[in-house]
Amino acid sequence: AENILEDMKRVRAHMVEMDEDISRTGCCRVGLVKSSHKEISSNILRPSEVNAAYSSCKTRLVLLDMDLLRPSKEDMEEDAEAVWQQTLGSIELLLKEPGNCVFLLSSDSPENILNLLKRMKGIEKIGLAAEDGYYYKWPGSPRDRWDQRQHVVTQWKEVCSALMHTYAARTTGTYVQEDQIASITWQYGVSNPDFA
């Protein structure tokens with residue numbers, strides 16, 4: 001939360017420096033919650049309220065979770081690529097709108113994210129966060145330049161990995177994902193809900 005506040009202060013200072021209108025006062029509530037599509041409810045955001053808020057603002061920070069937007073790796077439908085291209089087109093429209101700052105968040109690696117976005121126009125205008133924020137790229141930075149949140153000492157991973165593999169071996173339908181630098185994930189989405 002402190003880092004988000006510092007980033008917001010830097011953005012405000014930049015707005016003052018660029019002589020942008022900051023006369024509006026108010027509050028900003030930011031929450032980054034990783035939820036599966038099953039946990040997301042249509043009651044959280046009402047389109048009419050979102051449209052009214054969007055229309056009334058001159059500057060907007062748009063955070064989108066790529067893991068929920070893109071077709072799953074298991075999805076073999078023929079139209080999955082067409083749907084993804086339509087999604088990228090919608091993101092491109094958001095980028096063209098004056099005052100928008102768009103960030104795509106993902107648990108995937110920087111390489112995989114760039115591969116997914118290879119056909120996107122205006123990728124240099126978008127902010128990206130990979131491996132749930134361990135790597136990040138600011139809008140305007142070169143395509144291949146990624147910053148790291150912090151250096152991670154990985155001794156803890158051995159203990160956690162052994163524990164998670166024990167759970168995965170005992171719970172049908174679960175597995176351990178260790179392809180990230182700063183995290184290990186126990187995936188239980190397709191297991192019996194009584195056991196995981």
Side-chain angles (χ1 to χ4, degrees), residues 1-37 39-71 80-149:
E2 291 175 0
N3 293 328
I4 291 172
L5 181 60
E6 289 302 316
D7 289 342
M8 291 170 64
K9 287 179 182 178
R10 278 195 293 273
V11 168
R12 185 180 188 282
H14 178 72
M15 289 174 69
V16 169
E17 187 178 301
M18 300 303 289
D19 201 30
E20 292 184 30
D21 180 23
I22 57 165
S23 61
R24 295 181 301 118
T25 58
C27 67
C28 179
R29 188 170 70 200
V30 178
L32 299 178
V33 179
K34 191 76 166 177
S35 301
S36 71
H37 67 284
E39 296 169 325
I40 295 175
S41 168
S42 60
N43 295 329
I44 293 175
L45 295 174
R46 291 180 179 81
S48 60
E49 293 174 4
V50 172
N51 289 335
Y54 185 91
S55 298
S56 68
C57 295
K58 292 183 180 179
T59 57
R60 302 165 205 93
L61 174 61
V62 181
L63 302 172
L64 301 171
D65 188 337
M66 278 184 65
D67 299 341
L68 297 175
L69 294 176
R70 69 177 178 201
E81 181 63 25
V83 170
W84 178 241
Q85 291 307 312
Q86 185 178 14
T87 301
L88 291 179
S90 297
I91 295 170
E92 289 168 5
L93 289 175
L94 281 172
L95 288 170
K96 289 179 184 176
E97 185 78 25
N100 283 355
C101 180
V102 179
F103 270 82
L104 295 179
L105 315 174
S106 177
S107 60
D108 219 339
S109 69
E111 297 80 21
N112 288 345
I113 291 173
L114 289 176
N115 187 42
L116 282 167
L117 301 175
K118 64 186 170 199
R119 294 189 201 136
M120 184 175 181
K121 297 174 187 142
I123 191 172
E124 66 281 348
K125 297 177 185 175
I126 203 163
L128 299 170
E131 294 192 18
D132 293 321
Y134 181 69
Y135 292 106
Y136 58 94
K137 183 184 110 36
W138 290 103
S141 64
R143 180 183 176 96
D144 59 348
R145 179 185 169 206
W146 290 83
D147 296 312
Q148 284 181 315
R149 179 78 179 121

**Pair R119 + E81, salt bridge at N-O below 4.0 Å** = yes
**Fill in**
Taking every heavy atom of A53 against every heavy atom of S56, the minimum-distance pair comes out as O-OG, 3.0 Å
**Fill in**
Rounded to the nearest 0.5 Å, the CG atom of N112 sits from the CG atom of L117 at a distance of 10.5 Å
**Asked** Is there a side-chain contact between K96 and K121, using heavy atoms and a 4.5 Å cut-off?
**Response** no
**Item:** Distance-only donor-acceptor check, side chains D147 and Y134, under 3.5 Å
**Value:** no
**Message:** Between E124 and G140 (side chain of the first, backbone of the second, donor and acceptor by atom type, cut-off under 3.5 Å), is there such a pair?
**Reply:** no
**Request:** For residues V102 and L61, determine if any side-chain heavy atom of one lies less than 4.5 Å from a side-chain heavy atom of the other.
**Result:** no
**Student check: side-chain heavy atoms of I123 and R143 closer than 4.5 Å** = yes
**Prompt:** Taking all non-hydrogen atoms of both residues, which atom of M120 and which atom of I91 are closest, and how far apart?
**Reply:** CE-CG2, 3.2 Å
**Fill in**
CG (L88) and NZ (K118) are apart, to the nearest 0.5 Å, by 11.0 Å
**Request:** May I have the step-by-step check of ring-ring contact (aromatic ring centres under 6.0 Å, His included) for F103 and W138, ending in yes or no?
**Result:** CA-CA 8 Å; F103 270 82; W138 290 103; 5.6 Å; yes
**Request:** Report yes if the side chains of L95 and I126 come closer than 4.5 Å at any heavy-atom pair, otherwise no.
**Result:** yes
**Message:** So which atom in W146 and which in L128 form the shortest heavy-atom distance, rounded to 0.1 Å?
**Reply:** CH2-CB, 3.5 Å
**Item:** pair E97-R60: side-chain heavy atoms closer than 4.5 Å
**Value:** yes
**Asked** Given side chains that start at C-beta, do those of V50 and P47 come closer than 4.5 Å, heavy atoms only?
**Response** no
**Item:** Donor-acceptor contact below 3.5 Å, side chain S55 vs main chain N51
**Value:** yes
**Item:** Where P139 and K125 come nearest, the two heavy atoms and their spacing
**Value:** CB-O, 3.4 Å
**Prompt:** If every non-hydrogen atom of S141 is compared with every non-hydrogen atom of R145, which pair is closest and at what distance?
**Reply:** OG-O, 4.1 Å
**Asked** Is there side-chain contact between D65 and L104, with heavy atoms separated by less than 4.5 Å?
**Response** no
**Request:** Could you tell me the separation between the CG atom of L69 and the OG atom of S90, rounded to the nearest 0.5 Å?
**Result:** 9.5 Å
**N/O donor-acceptor pair under 3.5 Å between D67 side chain and S107 backbone** = yes
**Asked** Is there side-chain contact between I113 and M66, with at least one heavy-atom pair below 4.5 Å?
**Response** yes
